[in-house]
Amino acid sequence: MDHFIYRDGILHAEDVALPEIAASVGTPFYVYSTATLERHYQVFDEALVGMDHFICYAMKANSNMAVLRIMAAMGAGMDVVSGGEYARAIAAGVPGEHIVFSGVGKTREEMTLALNGGIRQFNVESEPELRVLNEVALGLGKVAPITVRVNPDVDAKTHAKIATGKSDNKFGIPISKARAVYAEAGAMDGIEVVGIDVHIGSQLTDLAPYEAAFKMVAELTEQLREDGHNIRRLDLGGGLGIPYARSNEAPPLPMEYGEVIRNTVGHLGCEIEIEPGRLIAGNSGILVTSVIYRKEGEGRDFLIVDAAMNDLIRPAMYEAHHDIIPVVEAQAGLEPAPHDIVGPICESGDTFAQQRNIPPMDAGDLVAFRSAGAYGAVMSSEYNSRPLIPEVLVNGDQFAVVRARPTYEEMINRDTIPDWMD
Ligand SMILES: *Cc1c(COP(=O)(O)O)cnc(C)c1O
C-alpha cells in the first residue's frame, strides 16, 4: 500500500499534486511519502507482535537524513554497512545501542568509531574480522557484542547480484563451520557472543528460502547453547521483496513472513531482530521525470526523458522493472502504445523500459517511475556531469526538499586543481 494516487486525474503524493512539486524544484526528482514510510514500519511491527522483537531499518536502501529521522521517531534501530552510515544513524539521533553493524569488510577505523560511539552488535562475517575486532576492542578497553553471520547455502531465488546466502557468495561463514568460530569467539576477552545473524538476499518473493534458512538457525541455536554460548538474539536479516510490476506480482506479505519467523524460531525465547530496507523505502518513493522528446524510430518509438541511468541505475544494473505511469492521466479514448523509455546518457544501457505500453505523451509531459524509493537516490551518481537530482519529502499537504540539486558550479568546485597547474 502506498500514498501515490490519482485525484481528479492528477497523480498526488499524499495531498500534494506532483505538478506542483515539479514546478517548484524542476525535474527529475525523487519524492517520498512520510505516511507510506511509517505504514511500512508498522506493518513489520505488527507482523512480529507477541515476539520480543526489534526492527533495524537497513539504511543502505535510502539513507536520506529526513527518512532516517522518520524511522528513528518510529523507534527503529538501524542496520549500517559503513562508517558513513554509522555516522548518519548517530546524526539522525539513533542511540549507538540501536545500531547494528553489518558488512564483509569492516575496517579498524569503522570498528573504533562504533565501539566508541556505542553499538548494539557487530554482525561478524569472517574469522579474520573476528580477530581484528577482538584486538580493536581490547585496545580500547571495551568488549564488542557480536553475532556471527552464517551462510546457510540456500538459494534465495532472486537476481544473482543480490543473492547473498549461497556458499559461493562472499557473505558470512559457512554454517558448517559456525560451531568452531563460535568456540573461538567465546574464548576472546574483547568479544561477547550475543546471538546469530543470517541474511540471504534481497527482493525475495518466496518464503521457502527464509523458512529453510531460519530452520537451520534454530538448529544452530540449540547446538550453540549446548556448547555453552548465551544465544539470546537472532538477527534474521532483511530482503522481503516488493511488487515492482503491480499488474502481475504479489510477493508474500510481512504478516506471512512474520508467521514463518514465529514457526521456525519463535519457540527459542530469543529476541528477534530484522533488517528490512527495500520493503520500507521502495514503494514509499517515486521518481518524477519529464519527456524531452518523443522520437519515432524505425519500427520502434522512443520517449526520451530527463532522468537517466545515473539517477536510477536499477534497470541498467539488475534488469529491474519499474512501473511507469503518466502524472496526468490519459484522456479516455487515447490508446496506449509501445515505447522504449530511455534517458539522455550516451550508452544504450540507459534504457528504463523496452516496448512498454504507455499512453500518448509528448515533450514536457511528466512521467512517474514507481517503486523508486529504495536503491534509487542512494545509488545515483553524477555520470555525464548530471548533477544529483533533488529528493523531496511529502507529509500530508506539505512538501520540502530534503536534498537539494547542486548547481553546476557546486558540482564543478568539488574538484580541485593542483598548485603546480597554476
Ligand atoms: C541489504 C541488506 C539488508 C536489507 O535488504 P532489503 O532487501 O533492502 O530488505 C539487510 N541486511 C543486510 C546485511 C543487508 O546487506
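First listed ligand is number 1; within each ligand, the first listed atom is number 1. On a predicted model such as this, the values are computed, not experimentally measured, just so you know.
Heavy-atom proximity to Gly238, at under 4.0 Å, picks out these atoms of ligand 1: 9 (O), 10 (C). Distances below 4.0 Å separate heavy atoms of Pro276 from the following atoms of ligand 1: 9 (O). Atoms of ligand 1 lying under 4.0 Å from at least one heavy atom of Gly239, given by number and element, are 5 (O), 6 (P), 7 (O), 9 (O). The ligand atoms of ligand 1 that sit less than 4.0 angstrom from a heavy atom of Ala58 are 3 (C), 4 (C), 10 (C). In summary, the atoms of ligand 1 found under 4.0 Å from a heavy atom of Glu275, numbered by their order in the structure, are 3 (C), 4 (C), 9 (O), 10 (C), 11 (N), 12 (C), 13 (C).
Between His322 and Tyr244, the ring planes are perpendicular. Angles over 60° get that label, and only those under 30° would be called parallel. Ring planes of His159 and Tyr318: perpendicular class, angle over 60° (limits at 30 and 60°).
Residue Gly277 has at least one nitrogen or oxygen atom sitting less than 3.5 Å from a nitrogen or oxygen atom of ligand 1, judged on distance alone. Ligand 1 has no N or O atom lying under 3.5 Å from any N or O atom of Ser102, backbone or side chain. The N/O atoms of Gly201, backbone and side chain alike, include none that comes under 3.5 Å of an N/O atom in ligand 1.
Given atom 7 (O) of ligand 1, the protein heavy atom at minimum distance is Ser202 OG, 2.3 Å. The protein atom (non-hydrogen) at minimum distance from atom 14 (C) of ligand 1 is Lys60 NZ, 2.8 Å.
Residues meeting the side chain to side chain donor-acceptor pair (under 3.5 Å) test with Ser371, sequence neighbours left out: Asn283.
Residue pairs satisfying the salt bridge (charged side-chain N to carboxylate O under 4.0 Å, His left out) criterion with at least one member in residues 109-118, sequence neighbours excluded, are absent.
Look at Asp79 and you'll find a heavy atom under 4.0 Å from some atom of ligand 1. Remark: distances from the non-hydrogen atoms of Tyr375 to ligand 1 include one below 4.0 Å.
For the residue pair Asn123 and Gln121, a side-chain donor N or O sits within less than 3.5 Å of a side-chain acceptor on the partner.
For the salt bridge (Lys or Arg N to Asp or Glu O under 4.0 Å) test with Arg120, the passing option among Glu97, Glu271, Glu192 is Glu271; the others fail.
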Run the numbers on His321 and Arg356 for side chain to side chain donor-acceptor pair (under 3.5 Å), then give the verdict. CA-CA 10 Å; His321 171 101; Arg356 185 76 65 84; 3.2 Å; yes

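The backbone and the side chain of Arg278 each have at least one atom closer than 4.0 Å to an atom of ligand 1 (non-hydrogen atoms only).
Counting heavy atoms from C-beta on, the side chains of Asp350 and Pro344 come closer than 4.5 Å.
Here the side chain of Glu85 pairs a donor or acceptor atom with the backbone of Val81 at under 3.5 angstrom.
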